[in-house]
Amino acid sequence: QVQVVESGGGLVQAGGSLRLSCAASGRIVNINTMAWYRQAPGKERELVATITSGGNTNYVDSVKGRFTISRDNAKNTVYLQMNSLKPEDTAIYYCNGHVRSGLGTRRVYWGQGTQVTVYA
């Protein structure tokens, strides 16, 4: 019913950039907070960045100054611009959103994840 689809991952050299996109579709009334998480092999999933419906943002310390989260409410889409990438950023990146659907429900939906690999 509500689908969240991520794109934009890939293989990049250290110091390079990637822009991730995450688009939600379906019977959506509105989306409140949206977030990006990442999970490296053998590691626990960590929160990378959040953005509220009003545009307030928060970042994990390790990406501050390098990553920028933004959103387009008309498109139900959230972005993650990643600059100055480091090998430590290698992970599967997941998007989620707190969605109020046309059926009257409100819950968090997750994307399928997109792989980001950064080599030295």
Side-chain angles (χ1 to χ4, degrees):
Q1 48 179 58
V2 175
Q3 302 292 318
V4 179
V5 180
E6 304 173 25
S7 61
L11 177 66
V12 298
Q13 190 173 32
S17 298
L18 284 174
R19 186 172 187 255
L20 306 183
S21 298
C22 175
S25 62
R27 298 185 63 183
I28 298 169
V29 175
N30 67 280
I31 306 175
N32 292 322
T33 301
M34 303 186 78
W36 286 96
Y37 287 76
R38 65 186 180 186
Q39 187 167 24
K43 303 287 186 177
E44 193 166 297
R45 182 174 57 220
E46 70 168 345
L47 179 63
V48 177
T50 63
I51 183 167
T52 68
S53 60
N56 293 324
T57 60
N58 286 285
Y59 302 89
V60 68
D61 287 344
S62 61
V63 309
K64 287 181 178 177
R66 301 188 298 119
F67 291 10
T68 302
I69 188 171
S70 61
R71 63 190 288 167
D72 185 335
N73 290 333
K75 296 180 179 179
N76 288 324
T77 300
V78 64
Y79 307 94
L80 187 67
Q81 178 67 47
M82 305 186 296
N83 299 326
S84 302
L85 282 163
K86 304 175 180 179
E88 305 93 274
D89 297 318
T90 295
I92 301 174
Y93 284 71
Y94 299 91
C95 171
N96 75 19
H98 292 70
V99 177
R100 175 173 287 127
S101 75
L103 299 176
T105 59
R106 188 174 185 273
R107 76 171 184 89
V108 176
Y109 287 86
W110 288 84
Q112 81 287 353
T114 185
Q115 177 70 48
V116 172
T117 302
V118 185
Y119 63 93

**Asked** Any sub-3.5 Å donor-acceptor pair from Thr50's side-chain atoms to Ala35's backbone N or O?
**Response** no
From the list Glu6, Glu44, Glu46, salt bridge (charged side-chain N to carboxylate O under 4.0 Å, His left out) partner of Arg38 resolves to Glu46
Result block: side-chain N/O donor-acceptor pairs under 3.5 angstrom for residues 14-31, not counting sequence neighbours:
unit_1, atom_1, unit_2, atom_2, d
Ser17, OG, Asn83, OD1, 2.9
Asn30, OD1, Arg100, NH1, 3.4
Asn30, ND2, Asn32, OD1, 3.2

Please determine whether residues [X] and [Y] belong to a single hydrophobic cluster, defined as Ile, Leu, Val, Met, Phe, Trp and Tyr linked transitively by side-chain heavy-atom distances below 4.5 Å.
X: Val116; Y: Tyr59; result: yes
X: Tyr79; Y: Tyr37; result: no
X: Phe67; Y: Leu47; result: no
X: Ile92; Y: Leu85; result: no

Nearest heavy-atom approach of Met34 to Cys95 is CE-SG, 4.4 Å
Connected to Leu11, directly or through other members, by ILVMFWY side-chain contacts below 4.5 Å are Tyr119
* Asked: Please walk me through it: do Arg71 and Ser53 pass side-chain contact (heavy atoms from CB on, under 4.5 Å)?
  -> CA-CA 8 Å; Arg71 63 190 288 167; Ser53 60; 4.3 Å; yes
_Side chains of Ile69 and Val78, heavy atoms from C-beta outward: is any pair under 4.5 Å?_
yes
Check your understanding: For the residue pair Tyr94 and Trp110, does the interplanar ring angle fall in the parallel (under 30°), tilted (30 to 60°) or perpendicular (over 60°) class?
Key ->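 Tyr94 and Trp110: perpendicular rings.
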**Item:** Verdict with reasoning, Asp89 to Lys86, per salt bridge (charged side-chain N to carboxylate O under 4.0 Å, His left out)
**Value:** CA-CA 5 Å; Asp89 297 318; Lys86 304 175 180 179; over 6 Å; no
